[in-house]
Structures are given as C-alpha cells and as structure tokens.
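Remarks on the structure that follows.
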Amino acid sequence: MTKSGEGIAYYHLPGLFEFYDLYRMFLPLFYEHRAYFYDWCEIGSIYGAPADCIWGGGRVGSGACDPRAALALTRAYGISARLTFSNSLLREEHLADRRCNALCRMFEESGGPRNGVIIHSELLLDHLKRRYPGLYLVSSTTKVLTEFQQLERELAREEFQVVVPDFRLNKAFAELNALPGQQKGKVEFLCNECCWFGCRDRKRCYEEVSRKNLGEDRSEHRCAAPDADGGYRFSKAMTNPGFIGVGDIVNTYLPMGFSHFKIEGRGLGSALILEFLLYYMTKPEHQLKVREEIYLDNMLDLF
C-alpha cells in the first residue's frame with residue numbers, strides 16, 4: 001500500500017510500462033545519490049498499463065515492457081506498482097479477459113510492497129475485491145469528481161485506500177483543510193494537469209478512450225479547449241489554476257496534512273517525464289548532473 005509520513009511527499013509517477021527504460025536509469029540515481037534530491041520527497045508508486053489491455057483507461061495503453069521486468073524493478077527498490085485499469089465502460093463479459101486477469105494475479109503475487117489497481121468501474125471493483133483481495137484499490141481521476149461533496153462521499157468509501165479528485169478541486173483549501181486526518185491521508189492530488197480549467201468535456205473524453213481500449217471506437221476526440229492544438233506543454237501546465245508546484249507542496253499541502261501527489265504523463269515522451277522528475281524531485285543545483293547521467297545512457301531513447 002502507499003505510505004504516509006508527516007512532512008514527506010509521496011510522488012506517484014507515470015509510465016511503469018511505458019517508460020521502463022527511463023526508470024531503469026533514474027531509480028538507481030535517486031536511491032544511490034540521495035543528496036541530489038529533496039529530502040522531503042519519496043516515490044510512492046509507479047503506475048501504468050501495457051498495450052492492448054481492455055480494462056485500461058485514462059490513456060490508450062502503449063507500454064511494451066515485459067510486466068515481469070517492470071515488477072522486478074519496482075520490487076528491487078521497494079516501490080508499489082499500480083495497474084491503470086480505469087476503463088469506465090466495462091461490461092460483465094469484459095471481466096473474463098485473460099490478459100488483464102493474469103496481470104492482476106501477477107501483481108498480487110509478486111512479493112515485496114503491496115501493489116494496487118487504479119479503477120473507475122464498479123463492476124471491476126467488485127471483481128477485484130472478490131478475485132484479488134491482496135491488491136489495494138485507487139479511485140481514478142477519470143471519475144471527474146469536481147464537486148467537493150462527491151469527493152467526500154468517495155473518501156468515505158472503505159473500498160478505496162486512495163482517491164484522486166479532479167484537478168479543479170486542488171485549490172479548494174477551506175474544504176480540504178476541514179477533512180478529517182484519515183481522509184486527508186487518502187487524497188492524491190493530480191499536480192501537473194494541462195487540460196483547460198473550464199473544460200466540460202473531460203468525462204466524455206475519458207469515455208472515448210475507454211471505447212478505444214475496448215476496440216469499439218476509432219474516432220478521435222476533438223478538444224474544444226483554447227490552444228488545444230499546442231499539445232501538452234509543461235510551461236502551459238504551470239499556468240493552470242489547478243497546478244501544484246514544488247512550493248505549493250512544501251508550503252501548503254504538507255503543512256495541511258496531505259502527502260500524496262500524482263504526476264501525469266503516460267501519453268507523453270520520456271524526455272518530458274524526465275523534466276517532471278527534475279522539477280518535482282531534484283534539487284536545482286543537481287538537475288544538470290541527473291540530466292547528464294540520463295542523457296548519456298546510449299541505451300535510452302529519450303525522443
């Protein structure tokens with residue numbers, strides 16, 4: 001399960017399968033050269049989904065890494081691994097999928113830290129509780145919980161050990177601070193979302209991704225947000241009203257009793273993921289050292 005600790009920020013990082021080669025280089029740096037990195041942060045989990053998983057959601061899975069290799073890497077460093085199985089449109093017949101069930105079985109039986117599954121579907125929730133009780137469950141941000149009462153109801157559910165609200169609740173400080181301490185420990189904030197703060201199509205966008213993972217929809221979602229054609233830019237995400245930066249974590253969220261922070265980016269390139277790791281985890285005076293160590297690995301294609 002995810003850990004909690006007073007004054008420690010636990011980051012939940014994207015691309016367990018998608019960016020295996022990057023993490024193969026980054027994790028030894030993080031644990032062997034700890035002085036390069038902020039002492040107030042740790043890695044809580046790495047999440048993702050292999051390609052061709054019909055239970056997948058949020059993004060169309062593209063990870064080609066052998067799941068056994070991914071689990072061996074997280075186990076070696078004592079990190080929880082999470083499957084992103086947040087498809088919102090699953091039907092009863094989809095629960096028998098061999099590939100997804102085999103992955104859940106593998107993650108449950110891997111040994112080491114307890115692993116989890118990020119989910120949306122209530123059908124899948126019941127299936128996982130019954131078949132794989134050793135896995136912990138995370139309520140996905142794909143539910144688009146934009147009303148604080150929705151978040152409170154989700155936090156009250158015993159089935160979920162972690163709840164990721166919509167990024168538009170990130171700055172609802174009065175309501176967040178009033179949560180009981182136990183519920184604060186369950187909240188995992190999405191830090192670096194680039195989506196338009198005023199978007200009303202977010203849930204529909206996720207549903208289209210769910211249909212694609214089921215092989216039922218080949219259409220492309222047309223984002224109506226301003227500047228949508230520019231794609232993801234970290235500089236743009238930093239101007240989002242819901243953005244949570246390093247200063248926010250240290251000066252606001254940790255003192256309020258929140259410890260868990262999700263970095264998005266499964267659909268992005270490994271070079272941009274590295275920039276997230278540098279910004280959120282690496283002391284400024286050591287960022288060049290970390291960047292050089294990663295870039296000089298000839299086995300890693302960052303572009």
Side-chain angles (χ1 to χ4, degrees), residues 1-15 38 40-48 58-59 80 82 84 86 116 118-120 136-157 160-197 199 202-203 206 232 234 236-266 268 273 275-277 279-281:
M1 210 332 246
T2 53
K3 300 165 284 186
S4 292
E6 186 175 352
I8 300 295
Y10 294 97
Y11 287 121
H12 303 275
L13 305 177
Y38 296 121
W40 49 261
C41 74
E42 296 286 351
I43 299 174
S45 73
I46 308 177
Y47 65 93
R59 298 290 182 271
S80 177
R82 293 178 179 176
T84 305
S86 52
I118 304 169
I119 63 171
H120 183 133
Y136 68 87
L137 304 180
V138 178
S139 177
S140 173
T141 192
T142 62
K143 293 183 179 181
V144 192
L145 305 178
T146 57
E147 300 296 329
F148 202 83
Q149 288 184 336
Q150 294 175 310
L151 174 59
E152 288 180 304
R153 287 194 293 269
E154 200 76 355
L155 289 169
R157 297 182 63 177
F160 295 118
Q161 297 195 34
V162 181
V163 176
V164 186
D166 188 84
F167 70 102
R168 284 162 288 198
L169 290 181
N170 284 358
K171 303 296 177 72
F173 293 128
E175 295 92 339
L176 288 167
N177 199 33
L179 289 172
Q182 183 180 9
Q183 291 195 352
K184 286 182 177 181
K186 293 176 68 171
V187 179
E188 184 176 303
F189 294 99
L190 181 57
C191 294
N192 60 328
E193 178 57 63
C194 194
C195 181
W196 180 36
F197 199 80
C199 178
R202 192 168 173 83
K203 196 164 189 175
Y206 283 136
Y232 186 98
F234 195 23
K236 178 181 172 184
M238 288 180 169
T239 67
N240 192 302
F243 178 75
I244 297 177
V246 169
D248 299 314
I249 291 171
V250 173
N251 298 319
T252 301
Y253 291 90
L254 291 180
M256 285 174 64
F258 295 101
S259 301
H260 295 284
F261 303 91
K262 179 175 183 176
I263 310 300
E264 79 160 22
R266 285 195 300 139
L268 306 175
I273 302 302
E275 293 304 313
F276 299 157
L277 299 175
Y279 171 78
Y280 279 106
M281 303 178 71

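Values below: all heavy atoms of this structure, side chains included; hydrogens, waters and symmetry mates excluded.
- Side-chain contact between Leu277 and Leu13: present, with at least one pair of heavy atoms (C-beta onward) separated by less than 4.5 Å.
- Taking the six-membered ring wherever Trp is involved, the centroid distance between the rings of Tyr280 and Phe261 does not fall below 6.0 Å.
- Separating the CZ atom in Phe189 from the CG atom in Leu176 is a distance of 4.5 Å, to the nearest 0.5 Å.
- Using a 4.5 Å cut-off on side-chain heavy atoms (C-beta onward), Glu175 and Phe173 make no contact.
- Here the CD atom belonging to Glu193 is positioned 10.0 Å from the NZ atom belonging to Lys262, to the nearest 0.5 angstrom.
- Evaluation of the ring pair (Phe, Tyr, Trp, His ring centres under 6.0 Å) rule for Phe243 yields no partner, not counting sequence neighbours.
- Using cut-offs of 30° and 60° on the angle between ring planes, the pair His260 and His12 is tilted.
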Enumerate, atom names and distances included, each donor-acceptor pair closer than 3.5 Å involving a side-chain atom of residues 177-186, sequence neighbours excluded.
| unit_1 | atom_1 | unit_2 | atom_2 | d |
| --- | --- | --- | --- | --- |
| Asn177 | OD1 | Lys184 | NZ | 3.1 |
| Lys184 | NZ | Asn177 | O | 3.2 |
| Lys184 | NZ | Met256 | O | 2.7 |
| Lys186 | NZ | Leu155 | O | 2.7 |
| Lys186 | NZ | Arg157 | O | 3.0 |
| Lys186 | NZ | Phe160 | O | 2.8 |

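- Side-chain atoms of Asp248 and Asn170, non-hydrogen and from C-beta on, never get closer than 4.5 Å to each other.
- Here the shortest heavy-atom pairing between Ser80 and Tyr136 reads OG-OH, 2.7 Å.
- Not counting sequence neighbours, the partners of Glu275 by the salt bridge (charged side-chain N to carboxylate O under 4.0 Å, His left out) test are Arg291.
- Remark: the backbone N or O of Glu264 is paired with a side-chain donor or acceptor of Asn192 at under 3.5 angstrom.
- Counting only residues at least two apart or on different chains, no ring-ring contact (aromatic ring centres under 6.0 Å, His included) pair has a member in residues 137-157.
- Leu145 CG to Glu154 CD: the interatomic distance, rounded to the nearest 0.5 Å, is 5.5 Å.
- Annotation for Gly265 and Pro14: closest pair N-CB, 3.8 Å, computed over non-hydrogen atoms.
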Open item on the list: Could you go through Tyr253 and Val187, starting from their C-alpha distance and side-chain angles, then the distance that decides it, and tell me whether this counts as side-chain contact (heavy atoms from CB on, under 4.5 Å)?
Closed with: CA-CA 11 Å; Tyr253 291 90; Val187 179; over 6 Å; no
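- A donor-acceptor pair is defined here as one N or O able to donate and one able to accept, closer than 3.5 Å; no such pair exists between the side chain of Asn240 and the backbone of Ala237.
- For Tyr47, there are no ring pair (Phe, Tyr, Trp, His ring centres under 6.0 Å) partners two or more places apart in sequence or in a different chain.
- Counting heavy atoms from C-beta outward, Phe276 and Leu268 have side chains that approach closer than 4.5 Å.
- Between the side chain of Thr141 and the backbone N or O of Pro165, at least one donor-acceptor pair lies under 3.5 Å.
- With a 4.5 Å cut-off on side-chain heavy atoms, Val144 and Arg168 count as touching.
- Under the side chain to side chain donor-acceptor pair (under 3.5 Å) criterion, Asn251 pairs with no residue at all, not counting sequence neighbours.
- Between atom CZ of residue Arg82 and atom CD1 of residue Ile46 there is a gap of 11.0 Å, rounded to the nearest 0.5 Å.
- Without hydrogens or angle criteria, Asp166 side chain to Thr146 main chain gives no donor-acceptor distance under 3.5 Å.
- Ring centers of Phe258 and Tyr10: at least 6.0 Å apart, outside the cut-off.
- Interatomic distance, CD1 of Ile263 versus SG of Cys191, reported as 4.5 Å (0.5 Å rounding).
- Note: Ile249 CD1 to Cys41 SG = 8.5 Å, rounded to the nearest 0.5 Å.
- Remark: Ser140 pairs with Thr142 by the side chain to side chain donor-acceptor pair (under 3.5 Å) rule, at least two apart or across chains.
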